[in-house]
Amino acid sequence: MATKNIVCPVCGASCDDIQVELEGQGLTVRNACKMGNAKFQEVVSPHRIREPLVRADGDLRRASWDEAIEMTARILANSERPLLFMGSETSTEAMEVGIHMAEFLGGIADSNSTVCHGPTTMGIQEAGRVGATAGQSKSRADLTVYWGSNPLESMPRHMSRYAVYPRGYWTQRGRFDRTVICVDPRRSITAENADLHIQLNPNTDYELLSALLTLLHGKRPHQTAEDVTGVSISEMEKMLDMMKSC
Ligand code: SF4
């Protein structure tokens, strides 16, 4: 029997329509992209660690769950300032337990948000956020700008499920009702599939945004904006026209 509506834990798209069917040693996954499928296949992978391993005399040996839990508790209780670095592919409920545990132990709770999406949250706190649900982009968006992102490789179903290919209420013809702009120094696979690729020089996003803003205010950016960003003023105008007319 297939289990339906499972949330995929891999990327930020958090696809919630995954179907998984376990038959003997095999697993059939429906709706997930390659990345999602690979993650679910780990459940039946021969590489999966199915029981605790305890290091003794330099080597890892199998241990019972009771022994492993006892040992973990002892290590935590004897530590002075433990760091609980929790995985981003762990469930929210497990994270909550980890945070409570770190609090109880007087330790430090951290996660890979420190090196990943943490700055996003800091930016939102400092400057606010304009956003929409994925349903809004599916139903309404007729222009999608991928700026510094390559969803076809890092969030594979973003284009197919949420933003470019799906048929929405006001975007009945799917891709034919949408325009895609990709801003990226690399000729990524997403850029290849975009209607307009703005290939700016690396690390000049701020300068390009400033120039676009200047144009939006009806003024012409200084010539150095072209030299610095590697994007011609006419290309910037083209991009702005597409954005203003969507
Ligand atoms: S796009 Fe792929 S990896 Fe990301 S949540 Fe959806 S199925 Fe999982």
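Both counts, for ligands and for their atoms, begin at 1 and track the order of listing.
- In the vicinity of Ser14, heavy-atom distances shorter than 4.0 Å reach the ligand 1 atoms 5 (S).
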Check the pair Lys238 / Asp195 against salt bridge (charged side-chain N to carboxylate O under 4.0 Å, His left out), numbers first and verdict last.
CA-CA 11 Å; Lys238 188 174 172 188; Asp195 298 295; over 6 Å; no
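- Residue contact check: Val10 has heavy atoms under 4.0 Å from atoms 3 (S) of ligand 1.
- Taking a 6.0 Å sphere around CD of Glu51, one finds it holds more than 12 heavy atoms contributed by other residues, nucleotides or ligands.
- Taking a 6.0 Å sphere around CG of Asn78, one finds it holds more than 12 heavy atoms contributed by other residues, nucleotides or ligands.
- From the protein, the heavy atom lying nearest to atom 2 (Fe) of ligand 1 is Cys33 SG, 2.3 Å.
- Distances from atom 4 (Fe) of ligand 1 show that Cys11 has an N/O/S atom below 2.8 Å.
- Of all the heavy atoms of Pro9, none lies under 4.0 Å from any atom of ligand 1, so neither backbone nor side chain is involved.
- In terms of protein heavy-atom proximity, atom 1 (S) of ligand 1 is nearest to Arg157 N, 3.4 Å.
- Backbone or side-chain N, O or S atoms of Cys8 do not reach atom 2 (Fe) of ligand 1 at under 2.8 Å.
- Ion pairing between Arg173 and Asp142 fails under the 4.0 Å rule for side-chain N and carboxylate O.
- Of all protein heavy atoms, the one lying nearest to atom 6 (Fe) of ligand 1 is Cys15 SG, 2.3 Å.
- Counting only N and O atoms by type, the side chains of Thr144 and Arg178 include no donor and acceptor under 3.5 Å apart.
- Looking only at atom types and distance, the side chain of Thr224 has a donor-acceptor partner in the side chain of His222 under 3.5 Å away.
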